[in-house]
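Data block below; observations after.
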Amino acid sequence: MTSEAAYESTYRKMKSKLSRVVPDFELRYKAEIAHEIIKLKHEKNALILGHNYMEPALFHSIPDFTGDSLELARKAAVTDKDIIIFCGVDFMAETAKILNPEKTVLMPARKVGCSLAESITAEDIRQLKLQFPGVPVVTYINTYADVKAESDVCCTSGNARAVVESLKCDTVIFLPDEYMAGNVAKETNRHIIFPTRKNGENNNLDYQMIGWHGRCEVHERFTVEDIVNVRRQFPDVAILAHPECSPEVVDASDYSASTSAMIKFVQETDKPQYLLLTECAMGDNIAAENPDKEILGLCSLRCPYMNMITLEETLSALQNNQYRIEVPEEIRIRAARSVERMIQIG
Ligand code: 13P
Ligand code: SF4
């Protein structure tokens with residue numbers, strides 16, 4: 001195929017999905033960059049992974065695979081490509097490096113954070129282990145490698161309950177997302193304490209789940225009031241909340257699961273309208289693929305970190321081999337144990 005024909009094919013593919021979501025002049029511009037990326041990706045034997053929160057033009061053009069944290073970790077673990085470009089956030093790219101250390105793992109931007117990953121350090125976990133000796137530590141994948149290295153097992157939004165139940169223990173430390181911990185505690189009939197809070201909860205000695213005070217700065221902003229207002233306006237709406245939302249919000253919703261499970265729910269459910277209480281680019285991506293469904297845009301919140309990943313930066317990452325993710329080997333080996341244990345559980 002000539003370069004011109006290849007560009008037209010990329011543009012047409014993007015247009016077929018995105019004509020209702022992205023204006024044509026923007027599509028033409030972005031298709032040119034996507035075309036360059038796809039060419040270079042083949043020349044450099046690179047794999048592009050795209051999280052479900054990537055902006056629509058990127059999401060629907062360059063990734064070899066899209067998905068939630070668990071699905072992308074699995075893809076990263078088994079690829080035989082030389083380079084993995086991670087269109088997501090740093091902790092996801094680190095997980096790829098942990099699982100497949102021989103590969104060059106690149107992030108299109110520098111210091112792509114996450115408020116949950118920033119909320120806890122390896123030293124915090126060491127202190128908790130001293131305070132609660134012998135209690136297994138379950139760590140959400142939204143953490144950095146040194147924190148994973150101090151943990152017994154990781155989990156994602158897609159398998160948190162299964163991981164906690166697999167431990168077959170009365171008491172579990174679950175870090176660092178206080179809302180996800182609260183949601184898993186409910187699902188597994190445990191009650192939860194937060195030892196770092198000075199509010200008297202610690203006096204309760206028959207604790208079963210020990211949490212931390214981390215929160216996703218996007219999901220913590222959805223409220224039960226948002227849900228009540230939307231249900232008043234659209235009584236038949238299906239409301240989906242990511243488990244990083246508060247337990248009250250999850251309770252008031254119709255469904256809660258990982259980003260990919262939310263996408264599947266919309267595809268497979270026959271409702272006139274949907275409200276997604278999660279990062280807003282995902283709503284646009286779902287709308288693009290499900291023209292027969294109405295995705296309400298009433299609670300639009302963009303993750304500032306996911307927003308750092310653009311087509312322009314991804315092209316630059318491929319051209320300049322930047323920005324490399326490295327994990328010190330001693331930390332990587334210990335972190336790999338907890339990530340691999342999770343992958344075996346499901
Ligand atoms: P998922 O694993 O469900 O995609 O969630 C990742 C995330 O960061 C949600 O905010
Ligand atoms: Fe982190 Fe929240 Fe952004 Fe997900 S949406 S990457 S949890 S800040």
Side-chain angles (χ1 to χ4, degrees), residues 49-55 58-59 63 65-77 86-96 99 107-109 111-120 138-144 147-148 154-163 174-184 187 212-222 240-246 249-250 253 255-266 276-286 299-309 325 339 342-343 345-346:
L49 300 176
H51 186 262
N52 291 325
Y53 290 165
M54 287 297 102
E55 61 98 359
L58 189 158
F59 184 84
F65 297 103
T66 55
D68 62 22
S69 312
L70 182 59
E71 291 168 331
L72 297 182
R74 286 183 190 281
K75 294 294 180 197
F86 216 115
C87 294
V89 293
D90 279 356
F91 75 79
M92 296 177 179
E94 265 193 6
T95 307
L99 290 169
M107 277 296 293
K111 292 204 186 315
V112 188
C114 164
S115 63
L116 280 169
E118 309 294 337
S119 73
I120 193 157
V138 180
T139 298
Y140 189 31
I141 200 154
N142 294 36
T143 47
Y144 294 123
V147 166
K148 291 184 172 82
C154 284
C155 74
T156 71
S157 60
N159 61 16
R161 179 183 179 162
V163 167
F174 190 105
L175 311 163
D177 185 343
E178 70 171 87
Y179 285 159
M180 183 171 290
N183 287 317
V184 175
E187 284 173 4
W212 191 250
H213 46 63
R215 287 187 190 175
C216 163
E217 68 187 66
V218 175
H219 291 90
E220 71 171 348
R221 291 170 65 189
F222 297 116
L240 290 72
H242 193 272
E244 290 167 10
C245 294
S246 74
V249 165
V250 167
S253 304
Y255 183 70
S256 178
S258 80
T259 53
S260 286
M262 290 166 95
I263 294 172
K264 197 158 172 253
F265 183 93
V266 176
L276 299 163
L277 299 179
T278 194
E279 209 280 344
C280 60
M282 196 171 98
D284 294 337
N285 291 333
I286 296 180
C299 297
S300 287
L301 292 174
R302 181 81 172 119
C303 169
Y305 311 107
M306 295 284 180
N307 198 38
M308 292 167 72
I309 308 301
I325 295 292
V339 181
M342 168 191 83
I343 286 182
I345 293 166

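Counting starts at 1 for both ligands and their atoms, following the listed order. Residues take their numbers from the sequence shown, with the count starting at 1.
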Would M262 count as a contact of ligand 1 if the rule is a heavy atom under 4.0 Å away?
-> no
Which of the atoms of ligand 2 are close to L116, meaning less than 4.0 Å from one of its heavy atoms?
-> 7 (S)
For atom 6 (C) of ligand 1, grab the closest protein heavy atom and report residue, atom and distance to one decimal in Å.
-> S69 OG, 3.5 Å
What residue and heavy atom of the protein are closest to atom 1 (Fe) of ligand 2, and at what distance?
-> C114 SG, 2.4 Å
What are the atoms of ligand 1, with element, lying closer than 4.0 Å to any heavy atom of H51?
-> 1 (P), 4 (O), 6 (C)
Of all the heavy atoms in H219, does at least one lie under 4.0 Å from an atom in ligand 1?
-> yes
Starting from atom 2 (Fe) of ligand 2, find the nearest protein heavy-atom neighbour and note its residue, name and distance.
-> C216 SG, 2.3 Å
Subset of ligand 1 atoms that lie under 4.0 Å from at least one heavy atom of N142 = 7 (C), 8 (O)
Value rounded to 0.5 Å, distance of NZ in K75 from CG in L99 = 14.0 Å
Give the numbers and elements of all ligand 1 atoms closer than 4.0 Å to a heavy atom of E244.
-> 7 (C), 8 (O), 9 (C), 10 (O)
Before giving the answer on side chain to side chain donor-acceptor pair (under 3.5 Å), spell out for Y305 and E217 the whole-Å C-alpha distance, their side-chain angles and the decisive distance to 0.1 Å.
-> CA-CA 11 Å; Y305 311 107; E217 68 187 66; 2.8 Å; yes
Fit a plane to each ring of H219 and H242, take the angle between them on a 0 to 90° scale, and name the class: parallel (under 30°), tilted (30 to 60°) or perpendicular (over 60°).
-> tilted
Nearest non-hydrogen protein atom to atom 3 (Fe) of ligand 2, with distance, is C303 SG, 2.4 Å
Just need the protein heavy atom nearest to atom 5 (O) of ligand 1, so name the residue and atom and give the distance.
-> H242 NE2, 3.3 Å
Would you please determine whether N52 falls within less than 4.0 Å of ligand 1 on a heavy-atom basis?
-> no
D68 side chain reached by T156 side chain, heavy atoms, under 4.5 Å = no
Closer than 4.0 angstrom: is that true for some heavy atom of E244 and an atom of ligand 2?
-> yes
Look at atom 3 (O) of ligand 1 and say which protein heavy atom is nearest, naming residue and atom and giving the distance to 0.1 Å.
-> S157 OG, 2.6 Å
Could you check if a side-chain atom of T278 sits within less than 4.5 angstrom of a side-chain atom of M262, using non-hydrogen atoms only?
-> yes
Rounded to the nearest 0.5 Å, how far does CG of L175 lie from CD1 of I120?
-> 4.5 Å
Numbered atoms and elements of ligand 2 in range of N142, under 4.0 angstrom, heavy atoms | 7 (S)
Where ligand 2 meets S115 - atom numbers and elements under 4.0 angstrom, heavy-atom basis | 8 (S)
